[in-house]
Protein chains: 2
Amino acid sequence: PSSVCAMGGTSSNSRLFGTLAQSLSSAPLGQIELDLDHNLAETDPDQLLRECEESLQRRPARPHRDLVVPTGAVPRRQHNPAIRIMQWNILAQALGEGKDGFIRCPLDALNWPERKYLILEEILTYLPDILCLQEVDHYYDTFQPIMASLGYHGTFLAKPWSPCLDIEQNNGPDGCALFFRRSRFSLQATERLRLSAMMLPTNQVAIVQMLTCRPTGRRLCVAVTHLKARSGWERLRSAQGADFLQKLQRMISQNGGQRRAMSGSIPLVVCGDFNAEPTEDVYKRFSSSPLGLSSAYKLLSSDKQTEPAYTTWKIRPSGECRSTLDYIWYTGDSLSVEQLLDIPTEEQIGPDRLPSYHYPSDHISLLCDVCFREEPHRLM
Amino acid sequence: PSSVCAMGGTSSNSRLFGTLAQSLSSAPLGQIELDLDHNLAETDPDQLLRECEESLQRRPARPHRDLVVPTGAVPRRQHNPAIRIMQWNILAQALGEGKDGFIRCPLDALNWPERKYLILEEILTYLPDILCLQEVDHYYDTFQPIMASLGYHGTFLAKPWSPCLDIEQNNGPDGCALFFRRSRFSLQATERLRLSAMMLPTNQVAIVQMLTCRPTGRRLCVAVTHLKARSGWERLRSAQGADFLQKLQRMISQNGGQRRAMSGSIPLVVCGDFNAEPTEDVYKRFSSSPLGLSSAYKLLSSDKQTEPAYTTWKIRPSGECRSTLDYIWYTGDSLSVEQLLDIPTEEQIGPDRLPSYHYPSDHISLLCDVCFREEPHRLM
DNA sequence: CCACCTCAG
DNA sequence: CCTGAGGTG
């Protein structure tokens with residue numbers, strides 16, 4: 001009985017699911033996953049975006065965000081188009097409605113049949129090549145089919161024990177999802193990680209994928225994670241970060257030695273909701289690891305050293321909570337950042353903060369375009 | 001009925017209170033406070049120390065701690081003997097027995113009639129000129145009379161609402177205490193502060209005293225505080241720190257302008273359990289304030305930049321907790337650090353951490369000797 | 001396993 | 001006031 005609601009099949013979104021049903025019926029799920037060379041009848045993103053806007057007519061307009069070119073960015077070279085990366089904790093539906101206690105957000109603003117269009121609209125507006133999501137509890141019934149019809153390959157990994165499962169009308173556990181455009185990348189390897197802390201498995205997970213960029217043949221390693229939340233767990237986050245870094249290191253060196261030895265390391269992008277301010281240990285761990293990771297959003301600041309003032313901003317019964325928890329890490333030696341999507345201002349976010357009628361999550365989406373730097377010159 | 005126990009008057013410590021009773025009967029409390037020039041019959045610290053050792057025979061020996069001379073310390077000049085400063089959160093008796101949950105510490109190790117000798121032994125071993133304590137819930141019945149008999153002036157400030165008061169067999173609220181040797185200093189002014197955060201009064205307090213060094217006539221401002229505990233309260237601690245610094249600034253400039261204008265600022269020492277790791281905001285606030293404060297214990301590290309790895313180390317039901325929370329701040333332009341008491345090693349602390357049969361508190365005592373630097377040369 | 005509440009010390 | 005323990009969605 002509740003599956004009708006979970007599938008989102010109400011009258012207000014019949015158009016979306018009309019478009020969606022087409023591609024689904026012409027290409028069942030199994031085939032999408034397996035038959036990568038078969039050119040499927042894909043959904044037109046523009047058409048889908050129009051459907052979103054139609055369904056969201058009663059909502060206030062989504063505030064505009066500028067794409068900012070960081071000062072000193074190297075102009076893009078030909079045959080080296082930028083790779084667009086999006087990082088977003090989309091807020092689990094069960095948590096948003098059930099227990100997160102966003103007291104200044106009307107419950108109605110969180111109803112899934114409409115909220116999913118807000119999420120989709122954001123994704124479709126920017127059409128990232130790599131999409132990293134956290135708190136996904138509508139993967140199989142919503143994001144997998146829709147993103148597949150738009151030409152994306154998707155991977156989902158649920159938390160071993162999700163807090164969503166304790167809520168009456170839940171839609172299964174939440175977890176991380178990683179999507180990439182099949183037209184842009186081919187998949188070389190996937191690792192589904194359960195993060196450990198001091199040898200013990202925790203409730204947090206990560207996905208790592210080794211991709212090959214279709215036109216250039218260059219490889220790119222991408223990863224997504226969602227670390228333990230709340231203050232008081234700084235040590236656990238730090239340990240999870242250490243474990244994650246170690247496993248990334250292992251995967252990079254495994255795959256690096258495979259095709260060509262020592263020709264510089266594989267470019268790496270790590271997206272995540274780290275649930276940690278830049279002052280925390282786990283942040284320092286990431287910024288000083290041997291992997292050579294930099295946080296992309298620092299480039300938005302004038303000194304290039306400062307993270308945004310917030311990536312999440314909400315009002316709970318316990319008070320207002322504004323913090324910087326989400327990051328896009330990239331290897332600065334092999335990748336350069338060409339553009340960054342600006343952070344909405346306090347005014348754009350509004351006095352009731354997030355989520356709201358015009359923004360579906362308590363976290364702001366992060367988006368940047370990165371470019372491969374020149375191949376390191378062979379010295380022999 | 002419970003006052004007998006609270007006064008510590010059991011058979012095992014009759015000797016201590018025998019010695020104590022002498023000086024008390026010959027000089028009632030009011031007179032100690034008022035009649036500073038009258039040379040009271042004082043308790044001999046060595047005799048008291050022997051009493052402590054006798055009462056603690058059944059306990060394992062207290063581990064030895066070295067007094068370390070920081071590399072590059074200026075040798076002490078004549079007529080400028082060092083001032084010994086001790087900072088210690090001694091663990092409130094009610095909290096230790098009642099609710100702090102030190103699951104690896106036998107309850108027996110915390111019984112007050114013995115534990116107070118452990119605390120006293122530590123103080124008597126080093127005989128500081130300035131003693132800053134937190135979590136004192138046996139001030140009037142124990143520390144005030146004993147320290148007074150040893151020639152100290154004491155000041156106590158209870159928290160407005162102490163968690164001790166919620167425990168069955170409590171001995172009153174806990175608070176901060178500040179002692180100084182009457183032979184070394186005379187008292188010029190005392191401020192009892194209730195710390196505020198964003199205009200609102202909090203449950204945390206501080207004592208600030210303006211002293212005059214007896215032989216040299218130089219002034220010294222000393223302060224003690226105990227900030228809000230636990231993770232999740234970083235913002236409050238930072239605000240409390242800001243308020244504290246502002247009030248210190250005010251007191252320094254008030255007294256500084258009084259006797260001689262602009263002859264360099266008054267030397268300042270601030271001791272406290274800040275309940276904050278060096279990564280926290282409130283630490284940065286202190287180290288970068290216009291008062292020019294440095295943290296003395298950084299000088300114990302080889303790079304002179306790093307705080308000790310821990311000043312408290314305990315095992316609670318929620319797990320092991322090792323952190324650096326206590327600091328001795330000093331004005332580096334007017335004071336130099338001559339010696340520091342080393343931090344006990346992990347082996348000395350033992351596998352069950354703190355408190356224990358050989359250490360009375362979950363916090364390690366900090367101790368350093370500071371010296372006045374040369375008076376700034378008068379240019380006119 | 002997570003975030004809230006409430007309850008007692 | 002403050003904090004652990006215990007219950008609920």
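Quick caveat: nothing in here was measured; it's all calculated off a predicted structure. Residue numbering restarts at 1 for every chain, and letters A, B, ... go by the order of the sequence lines.
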(request) Please lay out, stage by stage, how A/Thr202 and A/Gln240 fare under the test side-chain hydrogen bond (donor to acceptor under 3.5 Å, both in side chains). (result) CA-CA 8 Å; A/Thr202 70; A/Gln240 289 180 330; 2.9 Å; yes
(message) I need the single residue from B/Asn89, B/Leu195, B/Val205 that forms a side chain to side chain contact (heavy atoms under 4.5 Å, CB included) with B/His226. Which is it?
(response) B/Asn89
(message) In whole Å, I'd like the distance from the CG atom of A/Asn171 to the P atom of D/dG9.
(response) 20 Å
(request) Ignoring the backbone of A/Ala229, work out which of D/dT3, C/dC1, C/dA3 is nearest its side chain. (result) C/dA3
(request) Anything under 30° is parallel, anything over 60° is perpendicular, the rest tilted; go ahead and classify A/Tyr140 against A/Phe156. (result) perpendicular
(request) Rounded to the nearest angstrom, tell me the gap between atom CD1 in A/Ile103 and atom C1' in C/dA3. (result) 15 Å
(request) Could you pull out all residues at least two apart from B/Tyr327 that satisfy ring-ring contact (aromatic ring centres under 6.0 Å, His included)? (result) B/Phe274, B/Tyr283, B/Trp329
(message) Could you walk me through whether B/His363 and B/Trp88 satisfy the ring pair (Phe, Tyr, Trp, His ring centres under 6.0 Å) test, starting with their C-alpha distance in whole Å, then the side-chain angles of each, then the deciding distance to 0.1 Å, before giving a yes or no?
(response) CA-CA 7 Å; B/His363 287 250; B/Trp88 201 10; 9.8 Å; no
Pick out the pairs of N or O atoms, protein on one side and nucleotides 6-9 of chain C on the other, that lie under 3.5 Å.
{"from": "C/dG9", "atom 1": "N9", "to": "B/Asp166", "atom 2": "O", "distance (Å)": "3.4"}
{"from": "C/dG9", "atom 1": "N1", "to": "B/Asp166", "atom 2": "OD2", "distance (Å)": "3.1"}
{"from": "C/dG9", "atom 1": "N2", "to": "B/Lys99", "atom 2": "NZ", "distance (Å)": "2.5"}

(message) Let's see if you can work this out: which of D/dC1, D/dT3, C/dC1 has an atom nearest to the side-chain heavy atoms of B/Lys228?
(response) D/dT3
(message) Nearest whole Å is fine: how far is C/dC2 C1' from A/Asp137 CG?
(response) 14 Å
(message) Please determine whether the number of non-hydrogen atoms from other residues, nucleotides or ligands lying under 6.0 Å from atom CZ of B/Arg316 exceeds 12.
(response) yes
(message) Nearest whole Å is fine: how far is C/dC5 P from A/Asp100 CG?
(response) 12 Å
(request) Give the rounded distance in Å between these two atoms: CZ of B/Phe102 and C1' of D/dT3. (result) 13 Å
(message) Using a 4.0 Å heavy-atom cut-off, does A/Gln204 contact any base of the nucleic acid, only the sugar-phosphate backbone, or nothing at all?
(response) sugar-phosphate
(request) Would you indicate whether B/Glu320, at its atom CD, is surrounded by more than 12 heavy atoms from other residues, nucleotides or ligands within a distance under 6.0 Å? (result) yes
(request) Can you tell me the distance, in whole Å, between the NZ atom of B/Lys159 and the P atom of D/dT3? (result) 8 Å
(request) Could you check how far CZ of A/Arg230 sits from P of C/dC1, rounded to whole Å? (result) 16 Å
(message) Nearest whole Å is fine: how far is D/dA5 C1' from B/Arg316 CZ?
(response) 14 Å
